[in-house]
Protein chains: 2
Amino acid sequence: MGSEAIDNCLKAIYQLAGDDERATTAGLAEQLAISPASVTGMLKKLSESDPPWIEYQKHHGARLTDRGRARALEIIRHHRLIELFLHRVLDYSWDEVHVEAEKLEHAISETFEDRIAHVLGDPEFDPHGHPIPRRDGTLPDRADSDLIDMEPGTDAEVSRVSDHDPTMLQHLSSIGVRPGVRIHLLERRPFDGPLMLRVGDDRAVHAFGARLAGSIRIRDIRSTAA
Amino acid sequence: MGSEAIDNCLKAIYQLAGDDERATTAGLAEQLAISPASVTGMLKKLSESDPPWIEYQKHHGARLTDRGRARALEIIRHHRLIELFLHRVLDYSWDEVHVEAEKLEHAISETFEDRIAHVLGDPEFDPHGHPIPRRDGTLPDRADSDLIDMEPGTDAEVSRVSDHDPTMLQHLSSIGVRPGVRIHLLERRPFDGPLMLRVGDDRAVHAFGARLAGSIRIRDIRSTAA
DNA sequence: ACCTAAATTTAGGCACGCCTAAAAATGGGC
DNA sequence: GCCCATTTTTAGGCGTGCCTAAATTTAGGT
Ligand SMILES: [Mn+2]
Ligand SMILES: [Mn+2]
Ligand SMILES: [Mn+2]
Ligand SMILES: [Mn+2]
């Protein structure tokens with residue numbers, strides 16, 4: 001049914017537009033690192049498939065059908081389960097898992113998916129804090145917000161970090177930032193300056209510029225029971 | 001460098017012709033389940049690659065170059081490590097591992113290969129008793145011979161079984177045949193009749209026809225220290 | 001409403017990996 | 001040494017997934 005190119009396209013639409021928004025040709029071209037012309041060809045094919053993966057109107061982008069969304073979530077489930085498996089079972093570091101998962105997500109069977117899910121205890125989040133879609137297509141939800149919008153003087157817990165830049169992951173790891181870790185925002189420096197914050201129990205203060213802060217999401221601290 | 005089609009072709013040449021014999025177009029077509037014409041095209045490409053994967057003379061088949069053999073062994077190493085990993089870590093049964101490994105062998109990185117080899121303790125044989133090539137391209141060797149040639153009245157140990165037919169593997173499993181198990185050949189029935197033998201400590205006598213017996217290799221019993 | 005820049009689609013092309021049908025080479029039997 | 005069955009190659013074609021260049025559509029600014 002679905003080739004690797006098709007799966008990647010559906011996943012990209014989901015990541016750019018979510019459940020019911022439309023993804024643009026240009027956005028997909030950027031995400032997939034292929035030309036806009038190639039995207040147009042792919043979108044036409046996906047919408048003319050029977051049954052269709054997407055709903056597509058020329059010049060107005062693509063939206064996933066139920067089938068398309070189910071397939072996208074299936075691939076994302078593979079990706080995130082594999083990431084966690086590589087990290088926990090095969091001792092991959094945080095920044096190595098994404099690239100390997102990007103290939104393996106298309107190669108594993110449903111059996112493999114089930115077995116690693118079982119070995120991992122049916123996990124809900126991957127090593128970067130991203131929710132792992134369940135087999136039925138629902139997503140574990142965790143209310144979180146952008147670090148950028150955090151109130152100075154407050155505490156929060158790291159919810160998730162972007163997994164696309166290995167060097168950024170290495171840096172975050174080196175200063176102790178990972179999902180579940182508590183942070184305290186001291187202040188936001190003026191004119192879109194860096195966020196000054198403390199990580200965990202570390203006394204050091206770190207300056208987070210826009211790029212770095214923009215790749216982190218946080219959630220309110222839960223019962224800060226000492 | 002190597003696509004999946006190329007890797008499969010090199011592996012097939014190795015399996016049909018070994019290190020230094022030539023594989024025929026027809027043999028490869030059968031093994032790869034593609035047309036002879038497609039094989040010819042592939043062989044031409046492999047021999048004209050720079051550096052070449054094979055040595056090829058029209059109408060006289062293909063022989064692996066050093067590079068081609070190294071690549072074939074690399075893929076076979078992936079395959080057999082993955083089979084053992086699926087069996088040991090993910091609880092796959094004996095007959096399920098081959099199909100999954102056939103896909104994954106092309107998708108994993110060198111890192112993945114190293115990590116599963118390490119988790120498994122640098123194993124030398126896969127679940128079917130096939131030798132796992134080492135990273136340097138050498139093969140663990142275990143002198144074995146065909147069950148067909150076994151002397152009636154003697155004992156031996158199962159060395160390896162063919163892994164291509166899942167139903168045969170299920171059957172062998174059900175009667176207790178797996179690498180390392182001791183067998184005793186009672187007699188060979190006349191006119192190419194079945195081999196009558198006992199498996200392990202089981203009192204039952206099993207009849208092995210030509211198909212079944214031909215898929216099993218054995219080795220002399222090692223120190224039968226009670 | 002129109003004009004134009006940006007986004008998108010169309011047109012044409014290429015490599016890969018496969019196919020079938022037709023042509024050609026091989027080699028064993030005589 | 002020739003013939004013919006078998007094997008192999010050549011010729012031509014197809015779908016996928018990508019490309020570039022040219023045409024077209026859209027939408028924002030006035
Ligand atoms: Mn799945
Ligand atoms: Mn992730
Ligand atoms: Mn390898
Ligand atoms: Mn095997």
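Labels below follow one simple rule: chain letters A, B, ... track the order of the sequence lines, proteins then strands, and each chain is numbered from 1.
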Assign each of A:S38 and B:G41 to its nearest nucleotide of DNA chain D by heavy atoms, then name whichever residue's nucleotide is nearer the 5' end.
B:G41
Measuring from atom CD of B:E83 to atom CD of B:E105, what distance do you get when rounded to the nearest 0.5 angstrom?
9.0 Å
When the distance from CG of A:L46 to P of D:dC18 is rounded to whole Å, what number comes out?
11 Å
What's the CD-P distance between B:E30 and D:dT6, to the nearest Å?
17 Å
Counting only side-chain N and O atoms of B:K44, is one of them less than 4.0 Å from OP1 or OP2 of D:dT10?
yes
What's the NE2-C1' distance between B:H106 and C:dG17, to the nearest Å?
14 Å
Under 6.0 Å from the CD atom of A:Q57, do we count more than 12 heavy atoms belonging to anything else shown?
no
In this structure, is the centre-to-centre distance between the rings of B:H98 and B:H79 below 6.0 Å?
yes
Whole-Å distance between C:dT26 P and B:R22 CZ?
13 Å
Short of 4.0 Å, heavy atom to strand atom, which residues of residues 5-17 of chain B count as contacting DNA chain C?
B:A5
May I ask you to verify if any side-chain N or O of B:S3 is less than 4.0 angstrom from the OP1 or OP2 atom of C:dC16?
no
CA sep, side-chain torsions, deciding dist, call: B:M168, B:R211, side chain to side chain contact (heavy atoms under 4.5 Å, CB included):
CA-CA 10 Å; B:M168 188 180 284; B:R211 268 267 301 299; 4.0 Å; yes
Using a strict threshold of under 4.0 Å (side-chain N to carboxylate O), is an ion pair present between A:K11 and A:E102?
yes
Salt bridge or not between B:R219 and B:D144? Use side-chain N to carboxylate O under 4.0 Å.
no
Please determine whether a side-chain nitrogen of the Lys or Arg among A:D20 and A:R63 lies less than 4.0 Å from a carboxylate oxygen of the Asp or Glu.
no
From CD1 of A:I34 across to C1' of D:dT16 the rounded distance in Å is 12 Å
Considering residues, nucleotides and ligands other than A:R188, do more than 12 of their heavy atoms fall under 6.0 Å from its CZ?
yes
Here the distance between atom C1' of D:dG17 and atom CG of A:L32, to the nearest Å, is 12 Å
Take the protein atom CG of B:L28 and the nucleotide atom C1' of D:dT9, then report the distance between them rounded to whole Å.
15 Å
Does CZ belonging to B:R67 count more than 12 external heavy atoms closer than 6.0 Å?
yes
Identify each atom pair where a protein N or O and an N or O of nucleotides 6-8 of chain C are less than 3.5 Å apart, giving names and distance.
{"residue": "C:dT8", "atom": "OP2", "partner": "A:A26", "partner atom": "N", "Å": "2.8"}

Rounded to whole Å, the CD-P distance (B:Q57 to C:dA25) equals 16 Å
Between D:dT16, C:dA21, C:dT9, which nucleotide gets closest to the side-chain atoms of A:K45?
D:dT16
A:S35 side chain N/O closer than 4.0 Å to the phosphate oxygens (OP1, OP2) of D:dC18?
no
